[in-house]
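Working notes for the structure below.
Numbers for residues simply follow the sequence, beginning at 1. The structure displayed is predicted, hence computed values, not measured ones. Both ligands and their constituent atoms are indexed starting at 1 by order of listing.
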Amino acid sequence: MKYLSTRGGVDAVEFSTVLLEGLAPDGGLYVPAHIPTVTKPTLQAWRSLSYAELATEILSLYFTDIPKHDLAQLCQKTYTAEIFGSAQIVPLKPIDEHISLVGLSEGPTLAFKDMAMQLLGNLFEYVLLKQHRELNILGATSGDTGSAAEYALKGKKGLRVFMLSPQGRMSAFQRAQMYSLDEDNIFNIAVKGVFDECQDIVKALAGDIDFKKKYHLGAVNSINFARIAAQIVYYFWAWLRATQHEDQQVSFTVPSGNFGNILAGHYARQMGLPIHHLVLATNENNVLEEFFNTGVYRPRASEQTYATSSPSMDISKASNFERFVFDLFEQDPNSVKQLWTQLQTQGYFDLSSKQAAFEQAFGFVAGTSSHTERLAVIKETYEQHGVLIDPHTADGVNVARHFSQPNIPMLVLETALPAKFSETIQEAIGQPAPRPAALENIEQLPQHVMELECDVDIVKDFIQQHIGEN
Ligand SMILES: *Cc1c(COP(=O)(O)O)cnc(C)c1O
C-alpha cells in the first residue's frame with residue numbers, strides 16, 4: 001500500500017513515512033492510494049478472531065511495510081486485558097432494545113483515544129528502533145489527547161514527549177492524570193495562556209524547519225493516518241458482535257469533533273462493512289452537522305467556538321474532514337486544493353450540489369445536541385436503563401434516537417467514561433460519577449509539571465535543554 005497526499009503534491013510513500021511525518025509536506029493529509037476491500041466470506045471468517053487478531057488482519061492491509069508477524073506481535077502487546085480491562089477489549093453494552101454502546105473507553109485514560117494511541121506508541125518504538133532514529137513528540141492539549149499520548153508513549157525507547165497545556169484550564173482530574181506521571185521521557189509544560197496559544201507555540205516550533213530537523217520533532221495529532229487506521233478495527237469488531245449474518249446492516253452514531261473517529265467508520269464502510277448510516281453527532285459547535293445538512297462548510301474562528309459541557313468536541317475546524325472531501329471528489333487532489341484555497345479567501349465552500357451523495361453514496365446523516373438535551377439524556381439513560389454515560393456519549397445517544405430504525409441495530413460509540421466529566425454528571429443526576437478504584441486518589445499524587453511563560457523562545461529553550469539529557 002502506498003500513500004498519497006489529498007493535495008497531490010508529494011510522491012507516493014510507504015506507511016512508515018506516514019507514521020513518522022503525520023502531515024504531508026504539501027500541507028495535505030496522507031491517504032491510502034486505494035481502499036482495500038473485504039469479501040463477505042472473509043468477514044464471516046473473522047467472527048472467531050480476538051481483538052488483537054482482528055486488528056492484525058485489518059491493519060496488515062494498510063501497514064504493508066511492516067512484516068505481518070511483527071504487526072501481530074505489536075497488536076498482541078497493545079490490545080491486552082491488562083490495558084483495556086477485559087479480554088473483549090471493546091465490550092458492547094446495550095442501553096435498550098435498539099441502542100447499544102460500543103465500549104471504547106476502557107483504556108488507561110478512560111477515553112476512546114487510547115484505542116489508537118496505545119498502538120501508536122508501540123508502532124513508533126518499533127519503527128524508530130528499526131531505523132536507528134529518535135523522535136521528540138511536541139503537542140498541545142486541552143485534555144484528552146495529551147493524556148492518551150503520554151500514557152501510550154511513557155517509557156518508550158527513542159521517544160520523548162513535550163506536552164503543552166493551558167495552565168489552570170483543565171479539570172483537576174485531567175491535570176492529575178497527566179501531571180502525576182513520573183517518567184524520564186515525559187515533559188509536562190503548563191503554559192500561562194489558553195489552549196489556542198499553546199497550539200500556536202507548537203505550530204511555530206514545528207514550522208521552524210531547522211529546529212524541527214535538528215531536534216527530530218514529531219506529532220501525534222489526530223490527522224496521523226496510523227490513528228485513523230487503528231480506529232477502523234473497532235467498527236468491524238462491533239459489527240461482528242452485533243450481527244449473525246453476513247448481509248446484516250448496523251448503523252453507527254459517532255460523537256464528533258475533529259472528524260477522525262467517524263472518518264474511520266467511512267473507511268470501514270468503503271471496505272465493504274455493511275453499515276447503513278454513519279450518524280454524525282455534534283454539540284453546539286455544529287459546523288459539521290451544518291455541512292451534512294446544507295452542503296455548506298464554514299469553519300469558525302476560535303472566538304466563535306463555544307465552551308460546552310462536552311468539551312472534547314468543542315472544535316470548529318475539523319482537520320480530518322479534508323479526507324472525506326477527497327473521496328467525495330473521487331480522489332481528485334485538484335478539487336481539494338481549489339476548495340481549500342477558497343476556504344482561505346472566502347471562509348467557506350458550498351457543496352450543496354453534491355448533497356444527495358452524502359447519504360446515498362456514503363451513508364452520512366447528522367444531528368446536533370444542546371446542553372439541556374445532553375443533561376436530559378444522561379438522566380434518562382441512568383434512571384430508565386441503569387446505564388451512566390458521559391456528556392459526549394450523551395450527545396451521541398441523543399442524536400441516535402432520531403435516526404434509529406427498526407431491525408437495524410444502532411451502535412453509539414462511547415467516547416469517554418463518565419468519571420472523566422463528573423461535574424456534568426453531578427449536574428445531570430445529582431451525584432458524582434463513580435471512579436475506577438485505581439484512580440480514586442489521583443489528585444493527591446505528587447505532580448510533575450514545568451510552568452513556563454507563553455513564549456515561543458522560552459519553550460524552545462526548555463526543549464533544547466532537555467533533549468540529550470536522558
Ligand atoms: C476526541 C474526542 C471526541 C472527538 O473525536 P474526533 O475523532 O475528533 O471526531 C469526542 N469525544 C471525546 C470524549 C473525545 O476525547
Can we say [X] and [Y] salt-bridge, meaning some charged N sits less than 4.0 Å from an Asp/Glu carboxylate O?
X: E427; Y: K379; answer: no
X: E322; Y: K337; answer: no
X: K93; Y: E106; answer: yes

Atom CD of Q344 with >12 non-hydrogen neighbours under 6.0 angstrom: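 12 or below, so no.
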Please check if the side chain of [X] supplies one atom and the backbone of [Y] the other of a donor-acceptor pair under 3.5 Å.
X: Q270; Y: I35; answer: no
X: T393; Y: E414; answer: no
X: W237; Y: V90; answer: yes

Just to be sure I read this right, does ligand 1 sit under 4.0 Å from the backbone of [X], its side chain, both, or neither, counting only heavy atoms?
X: D144; value: side chain
X: F259; value: backbone
X: K113; value: side chain

contact_flag S222 ligand 1 heavy-atom lt 4.0 Å: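 No, S222 has no heavy atoms under 4.0 Å from ligand 1.
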Quick one: nearest non-hydrogen protein atom to [atom], plus distance?
atom: atom 11 (N) of ligand 1; answer: T415 OG1, 3.0 Å
atom: atom 7 (O) of ligand 1; answer: N261 N, 2.9 Å
atom: atom 9 (O) of ligand 1; answer: G257 N, 2.8 Å
atom: atom 5 (O) of ligand 1; answer: F112 CZ, 3.5 Å
atom: atom 6 (P) of ligand 1; answer: N258 N, 3.5 Å

N/O to N/O below 3.5 Å, does that happen between G260 and ligand 1?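 Right, the criterion is met.
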Interfacing atoms of ligand 1 (cut-off 4.0 Å, heavy-atom, A416):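 Once the distances to A416 are compared, the set is 13 (C).
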Considering the heavy atoms of M313, write down every atom of ligand 1 situated less than 4.0 Å from one of them. 10 (C)
If you look at every heavy atom in P434 and L388, which pair is closest and at what distance?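 Distance-wise, the nearest heavy atoms are CD-CD2, 3.7 Å.
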